[in-house]
Asks: 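Got a structure for you, written out below as structure tokens; questions coming shortly.
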Amino acid sequence: MNSLGRLFRVSIYGESHGDGVGVLIDGCPAGIAITKAEIETALAQRRPGAIGTTPRIEQDEFAILSGVYKDKTSGAPINVFIKNENKKSADYDFTRATPRPGHCDLTNRMKYFDYNDPRGGGASSGRLTAALVVAGVFANKVLGDFISIKSELVKVGDSDNIEEKIFETAKERDSIGGIIETRINGIESGLGEPYFDSIESNIARAIFSIPGIIGVEFGAGFQGAKLKGSEFNDRYIDSNATKSSNNSGGINGGISNGDEIVFRVAVKPTSSIARAQETFNFVENKLATLETPGRHDVCFARRVPIVASSVAALVLADFFLIRLSQKEYNNYANSRY
Ligand SMILES: Cc1cc2nc3c(=O)[nH]c(=O)nc-3n(C[C@H](O)[C@H](O)[C@H](O)COP(=O)(O)O)c2cc1C
């Protein structure tokens, strides 16, 4: 469904070309200081504007409808609504006959028996990631200043030269994917549960919820599979459990080990491309050529780093609250015996 987390529970709603998108947060502790400016700063990092991003610029005007009183969380459910602007819905009428290859026009129609809102990808649109970014601001506040989460676009296609590769691709009226690397510092050991609620499985679930993600790897990831144990093992080198390397990406047995948590995210090339591609016309029942109209990101991976950091913060804030309750219970139990 549309919710994530147990103690810090986040639900998102809205459509790309509806009135707006938004987020509901249940379980955010009371008394956390938050300003509109902090939310604005985070949203600005997701907004297009750089080369290779869509000309559909949204101002991301938002309203905090509940849960914040006198610039502090009140403990009540938080609801933040972000207005949609700059919509051109006629751009999407073509998807009925010629659903975009690689996109979810057809799967959404089939799943929702044709009742879905097809405009701009409807409820599946990357637009909803604005709501995730807002939730991330609250989650980061729960985690506190001593935890840092940074994500960076490290590759576009097979190139490290991000600007040049995007520029070349745009000239070909095509699109391109990329790889984002996220590094998280300051997470103490003991967060995460073995098996179904491992840190990896929860982060991966949250990251795969971002539209257009096609892969996630932790630590040495797929390269690690090529190593021998003697090369892969992160050797303990002192009594503080300092390690010689971090091939495990800061997680052992699904539990944080206190080292930097590192993961990489593969983002697909944007499905909506301006150059002609062969597809099927389902109304005329014949092969057709599609040149996707509308305004699209040539490389939407450019806009994903802040989203990846935000969803990582959501997952970690949830685990952090769970861990605090486990520690509190342990203290309580120790004081009784
Ligand atoms: C921030 C962001 C912006 C996006 N912009 C576009 C876009 O302009 N055009 C497009 O076709 N897809 C775009 N996408 C990707 C689609 O939303 C995604 O491919 C689609 O919803 C289908 O989901 P799937 O790729 O996970 O199958 C964007 C995704 C994100 C996260």
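The first residue of the sequence shown is numbered 1, and numbering continues consecutively from there. Keep in mind the model is a prediction, meaning the values are calculated, not measured. As the structure lists them, so they are numbered: ligands from 1, and atoms in each ligand from 1.
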Asks: Taking side chain to side chain donor-acceptor pair (under 3.5 Å) as the criterion, tell me which of Glu61, Glu58, Glu15, Arg127 meets it with Asn84.
Replies: Arg127

Asks: Of all the non-hydrogen atoms in the protein, which one sits nearest to atom 25 (O) of ligand 1, and at what distance?
Replies: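 It is Lys268 NZ, 2.6 Å.
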
Asks: Can the positive tip of Arg6 be found less than 6.0 Å from the middle of the six-membered ring of Phe319, inside 45° of the ring normal?
Replies: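 Yes, Arg6 sits over the ring of Phe319.
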
Asks: Considering only NZ, NE, NH1 and NH2 on the basic side and carboxylate oxygens on the acidic side, decide whether Glu163 and Lys165 come within less than 4.0 Å.
Replies: no

Asks: Decide, yes or no, whether a salt bridge links Lys83 with Asp19 under the criterion of side-chain N to carboxylate O below 4.0 Å.
Replies: no

Asks: Among protein heavy atoms, which lies nearest atom 20 (C) of ligand 1, and at what distance?
Replies: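 The protein heavy atom lying closest is His103 CE1, 3.4 Å.
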
Asks: Considering only protein heavy atoms, which is closest to atom 23 (O) of ligand 1, and at what distance to one decimal place?
Replies: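 Minimum-distance protein heavy atom for atom 23 (O) of ligand 1 reads Gly212 N, 3.9 Å.
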
Asks: So for ligand 1, is Arg303 a polar contact partner (N or O within less than 3.5 Å, distance only)?
Replies: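 It does not: no N or O of Arg303 is found under 3.5 Å from an N or O of ligand 1.
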
Asks: Counting non-hydrogen protein atoms only, what is the nearest one to atom 30 (C) of ligand 1? Give residue, atom name and distance.
Replies: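 Ranked first by proximity to atom 30 (C) of ligand 1 is Phe300 CD1, 3.4 Å.
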
Asks: Considering only the protein, which heavy-atom contact is closest to atom 9 (N) of ligand 1, and what is its distance?
Replies: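 The answer is His296 ND1, 3.0 Å.
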
Asks: Judging by distance only, is a nitrogen or oxygen of Ile210 under 3.5 angstrom from one on ligand 1?
Replies: no

Asks: Considering only the protein, which heavy-atom contact is closest to atom 21 (O) of ligand 1, and what is its distance?
Replies: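 Going atom by atom, the protein heavy atom closest to atom 21 (O) of ligand 1 ends up being Ser124 O, 3.1 Å.
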
Asks: Using a strict cut-off of 4.0 Å, indicate which atoms of ligand 1 neighbour a heavy atom of Cys104.
Replies: 21 (O), 22 (C)

Asks: What are the two closest heavy atoms between Gly136 and Ala313, and how far apart are they?
Replies: O-CB, 4.2 Å

Asks: Ignoring angles and geometry beyond distance, decide whether Arg46 reaches within less than 3.5 Å of ligand 1 through its nitrogen or oxygen atoms.
Replies: no

Asks: Tell me the protein heavy atom at minimum distance from atom 17 (O) of ligand 1, and give that distance in Å.
Replies: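 Checked against all protein heavy atoms, atom 17 (O) of ligand 1 sits closest to Pro211 CB, 3.3 Å.
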
Asks: How about Tyr329 and Tyr332: are their ring centres within less than 6.0 Å of each other?
Replies: yes

Asks: So, regarding Thr129 and ligand 1 (criterion: nitrogen or oxygen to nitrogen or oxygen, under 3.5 Å), is there a contact or not?
Replies: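 Looking only at distances, the answer is no, because the N/O contact criterion of under 3.5 Å is not met.
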
Asks: Among all protein heavy atoms, pick out the one at the shortest distance from atom 10 (C) of ligand 1; state its residue, atom name and that distance to 0.1 Å.
Replies: Thr270 CG2, 3.2 Å

Asks: Is the shortest distance from a heavy atom of Asp297 to ligand 1 less than 4.0 Å?
Replies: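 Yes.
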
Asks: Is it true that Arg302 and Asp297 have a side-chain N and a carboxylate O under 4.0 angstrom from each other?
Replies: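 No.
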
Asks: Any non-hydrogen atom of Gly121 lying under 4.0 Å from ligand 1?
Replies: no

Asks: Give a yes or no on whether a salt bridge exists between Arg323 and Glu193, defined as a side-chain N under 4.0 angstrom from a carboxylate O.
Replies: no

Asks: Membership question, hydrophobic clusters at under 4.5 Å side-chain separation (ILVMFWY): are Val137 and Tyr13 in the same one?
Replies: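 No; Val137 is not reachable from Tyr13 via cluster members.
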
Asks: Does the cation-pi check pass for Lys243 over Tyr236, that is, NZ or CZ under 6.0 Å from the six-membered ring centre and within 45° of its axis?
Replies: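 Here Lys243 fails the 6.0 Å and 45° test against Tyr236.
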
Asks: Using a strict cut-off of 4.0 Å, indicate which atoms of ligand 1 neighbour a heavy atom of Ser272.
Replies: 9 (N), 10 (C), 11 (O)

